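This report refers to the structure that appears directly beneath it.
What you see is a predicted model, and the numbers here were worked out from it, not measured in a lab. Naming convention: chains lettered A, B, ... in sequence-line order (proteins, then strands); numbering from 1 in each chain.
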Protein chains: 2
Amino acid sequence: MVVQVKHDCKIELHKVALKATPARLATLKVLEAASKPLDVATIKSKLKKDGINADPATIFRMMNSFSDKGLVREINLQESKLRYEYSAKEDHHHLLCESCGSIEDISDCNIETWEKELREKKGFMIKHHSLEFFGLCKNCQKLI
Amino acid sequence: MVVQVKHDCKIELHKVALKATPARLATLKVLEAASKPLDVATIKSKLKKDGINADPATIFRMMNSFSDKGLVREINLQESKLRYEYSAKEDHHHLLCESCGSIEDISDCNIETWEKELREKKGFMIKHHSLEFFGLCKNCQKLI
DNA sequence: TGACAAATGCAACACTCTTGCATATATTAA
DNA sequence: TTAATATATGCAAGAGTGTTGCATTTGTCA
Ligand SMILES: [Mn+2]
Ligand SMILES: [Mn+2]
Ligand SMILES: [Zn+2]
Ligand SMILES: [Zn+2]
């Protein structure tokens, strides 16, 4: 039995007119495998384990072009840096534990109600939004 | 008729064991008068108009101590910098127009429903949260 | 295989924010 | 009112994230 590759990253890249370089293919694989949004430093160290030594500037540039082309989502968890998540995953929000740093997904976000209301009340056209919760995860509550 | 000063900032500062320096008093007045959260550069230029030349390091230090003491709230609108809002104003969220940069308040946030649900489902103890909407304000929609 | 546009590495830089240290000032007690 | 002291400030240096210019390398496609 072979592990199924969910996405053919080379084709994905060509679809959006980006060259399929080793660094890009490896980065997309890293993001696809990640269970939480990754920052540039983490991506760099994961690439290194795959034998790819990418310069931070290159990773920042990759993240920008991937975001522009819709391959990844920029995640801002109010840290001093951005994280990135593979776009093929369904859009969602996050729970961030301020003690252990664990990051959990929140799905079934019915923010659509908000959007409709704001549209009608304020005439504001919402393009995107951010809803993040900060606090203590189940584990960390025990330790206090 | 005299304009009412809503808060006696000198007393507020002494309450939280901070010295009432000219820079601090002026900064609190600036934040009290502001209709949207201000960043450090904006605070600096507003202070300058009041004849106070404060070093950025001083303003950053003020914002940190004011946050710690609960005099101001740190507002993260996913820009590359933080903004600050006078705490005496009711807690609320924001609408940020990506075209003109206008910032509007959203009140009557019934996020409490969310919090309760997450607490029961995930056992996560929420300390605070962030809900921000990004898009186009009424005006900017016309200009497209 | 070769031409060409695009990607990369590296260094320099921008920006926000922090910190060490010498000096200045607000507060308090005399 | 003054003196002592803890605290606040200015300035300069530096940390961290992210960007950019430029020379070189590499992927793509003819
Ligand atoms: Mn996620
Ligand atoms: Mn506000
Ligand atoms: Zn935790
Ligand atoms: Zn606008």
Assign each of B:Asp39 and B:Lys10 the nucleotide of DNA chain C bearing its closest heavy atom; nearer the 5' end lies the nucleotide of B:Asp39

If you go through the side-chain atoms of B:Arg61, does one of them form a donor-acceptor pair with the base of C:dG20 closer than 3.5 Å? yes

Looking only at side-chain atoms of A:Ala57, point me to the closest of C:dA7, D:dT20, C:dC17. D:dT20

Rounded interatomic separation in angstrom, taking CG from A:Leu47 and C1' from C:dT8: 13 Å

Which nucleotide in C:dT25, C:dT16, C:dA6 has an atom nearest any side-chain atom of A:Lys19: C:dA6

What's the closest nucleotide to the A:Lys81 side chain, out of D:dG18, D:dT9, C:dT8? D:dG18

Atom-pair distance (NE2 on B:His14; C1' on D:dA8), nearest Å: 13 Å

Round to a whole Å and report the spacing from CD1 of B:Ile52 to P of C:dT25. 13 Å

Which part of the nucleic acid, if any, lies within reach of A:Ala41 when heavy atoms closer than 4.0 Å are counted: base, sugar-phosphate only, or nothing? nothing

How far does CG of A:Leu95 sit from NE2 of A:His92, to the nearest 0.5 angstrom? 10.5 Å

If I take atom CG in residue A:Leu25 and atom C1' in nucleotide D:dG27, what distance separates them, rounded to the nearest angstrom? 11 Å

Any idea how A:Tyr86 and A:His7 line up, ring-wise: parallel (<30°), tilted (30 to 60°), or perpendicular (>60°)? perpendicular

Rounded distance in Å - CG (A:Asp55) to C1' (C:dA7): 12 Å

Integer-rounded Å distance: C:dA7 P and A:Leu13 CG: 10 Å

Looking only at side-chain N and O atoms, does B:Ser80 come under 4.0 Å of OP1 or OP2 in C:dT16? no

Derivation of the ring pair (Phe, Tyr, Trp, His ring centres under 6.0 Å) call for A:His129 and A:His93: CA-CA 10 Å; A:His129 64 272; A:His93 304 283; 4.8 Å; yes

Contact class for B:Asn64 vs. all strands (heavy atom < 4.0 Å): base, sugar-phosphate, or nothing? sugar-phosphate

Within less than 4.0 Å of OP1 or OP2 of D:dT26, is there a side-chain N or O belonging to A:Thr21? no

Separation of atom CG in B:Asn76 from atom C1' in C:dC17, rounded to whole Å: 14 Å

Between D:dG10, D:dG18, D:dA6, which one does the side chain of A:Val40 approach most closely? D:dG18

Just by modelled atom types, is the B:Ala57 backbone N or O under 3.5 Å from a matching donor or acceptor in the B:Asp55 side chain? yes

Could you state the atom-to-atom distance from CD1 of A:Ile59 to P of D:dT19 in whole Å? 13 Å

Considering only NZ, NE, NH1 and NH2 on the basic side and carboxylate oxygens on the acidic side, decide whether B:Glu98 and A:Lys127 come within less than 4.0 Å. no

Considering just the side-chain nitrogens and oxygens of B:Arg24, establish if one lies under 4.0 Å of OP1 or OP2 belonging to D:dA8. yes

